[in-house]
Amino acid sequence: GAVVSQHPSWVICKSGTSVKIECRSLDFQATTMFWYRQFPKQSLMLMATSNEGSKATYEQGVEKDKFLINHASLTLSTLTVTSAHPEDSSFYICSARPTDTQYFGPGTRLTVL
Amino acid sequence: DAKTTQPTSMDCAEGRAANLPCNHSTISGNEYVYWYRQIHSQGPQYIIHGLKNNETNEMASLIITEDRKSSTLILPHATLRDTAVYYCISLTSGTYKYIFGTGTRLKVLA
């Protein structure tokens with residue numbers, strides 16, 4: 001299957017700082033990528049759809065000014081958590097699709113102190 | 001997108017077949033059924049998908065009922081490494097958005 005990577009795999013930051021997470025499709029081009037968030041013992045929740053060359057589409061209830069998404073190339077999407085707070089601590093996962101099937105990255109665990 | 005419902009948890013003996021059911025009673029004619037699994041602290045892994053016909057690959061088999069209101073994922077010879085949360089997702093062709101349900105926590109017992 002297609003390979004999607006994320007960087008970093010984990011990050012710890014202080015409250016009020018911003019954190020950038022990268023999502024790359026390694027062996028295919030992706031005009032669309034997706035960002036999910038997962039809290040402990042819960043399912044994945046779709047946050048936004050990242051579109052290459054255009055604005056991201058956010059799901060209801062997700063603050064677009066807090067979770068900035070940039071999809072600057074066909075293999076890279078970034079999620080920036082701005083002014084992070086402890087309640088933003090979570091497991092962030094991206095996915096990309098070479099066809100109708102989505103392939104997921106390994107996830108990034110964010111801990112905000 | 002159709003909603004899917006799955007049992008919360010299941011146990012299976014190692015070496016036996018694991019049969020994981022999924023109900024998607026509101027599925028429409030052009031909606032695919034996808035199965036993924038998530039091992040603790042990892043991203044979901046694609047297993048298999050189908051529309052109408054039964055499907056088989058190196059990982060599993062997918063049996064879809066004739067009315068398409070339910071399906072069953074079959075892991076023919078479960079191993080301890082198959083312990084994971086299994087998600088059944090239905091997807092309308094062209095929408096691409098996945099809505100995850102709660103999934104089934106499968107525990108394979110030695």
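The structure presented is a predicted model; accordingly, all values stated were derived computationally and were not measured. The chains referred to below are lettered A, B, ... by the order of the sequence lines, with proteins before strands, and numbering in each begins at 1.
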Trainee: What residue, out of A/Gln38, A/Arg109, A/Gln42, A/Met45, has the most heavy-atom pairs lying under 4.5 Å from chain B?
Mentor: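 Ranked by contacts with chain B, first place is A/Gln38.
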Trainee: What pairs of residues pass the salt bridge (charged side-chain N to carboxylate O under 4.0 Å, His left out) test when at least one of them lies in residues 65-80 of chain A, not counting sequence neighbours?
Mentor: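 Passing the test, one end in residues 65-80 of chain A: A/Lys66-A/Asp88.
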Trainee: Which atoms of A/Glu59 are under 4.5 Å from chain B, going by heavy atoms: the side chain, the backbone, both sets, or neither?
Mentor: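 Only the side chain of A/Glu59 comes within 4.5 Å of chain B.
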Trainee: Could you check A/Ile21, A/Thr49, A/Ile93, A/Leu46 and say which one makes a side chain to side chain contact (heavy atoms under 4.5 Å, CB included) with A/Trp35?
Mentor: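 Answer to the side chain to side chain contact (heavy atoms under 4.5 Å, CB included) test with A/Trp35 among A/Ile21, A/Thr49, A/Ile93, A/Leu46: A/Ile21.
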Trainee: Please determine if A/Arg24 and A/Glu22 form a salt bridge, counting it only when a charged side-chain N lies under 4.0 Å from a carboxylate O.
Mentor: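 A salt bridge is present here (some side-chain N lies under 4.0 Å from a carboxylate O).
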Trainee: For each of B/Ser41, B/Gly43, B/Pro44, tally heavy-atom pairs with chain A at distances under 4.5 Å, and name the one with the top tally.
Mentor: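 Most heavy-atom pairs within the cutoff with chain A belong to B/Pro44.
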Trainee: For B/Gln38, is it the side chain, the backbone, both, or neither that has a heavy atom closer than 4.5 Å to a heavy atom of chain A?
Mentor: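 The side chain, not the backbone.
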Trainee: Using distance alone, with no hydrogens and no angle criterion, decide if B/Ser90 and B/His24 have a side-chain donor and acceptor under 3.5 Å apart.
Mentor: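 Side chains of B/Ser90 and B/His24: no pair found under 3.5 Å.
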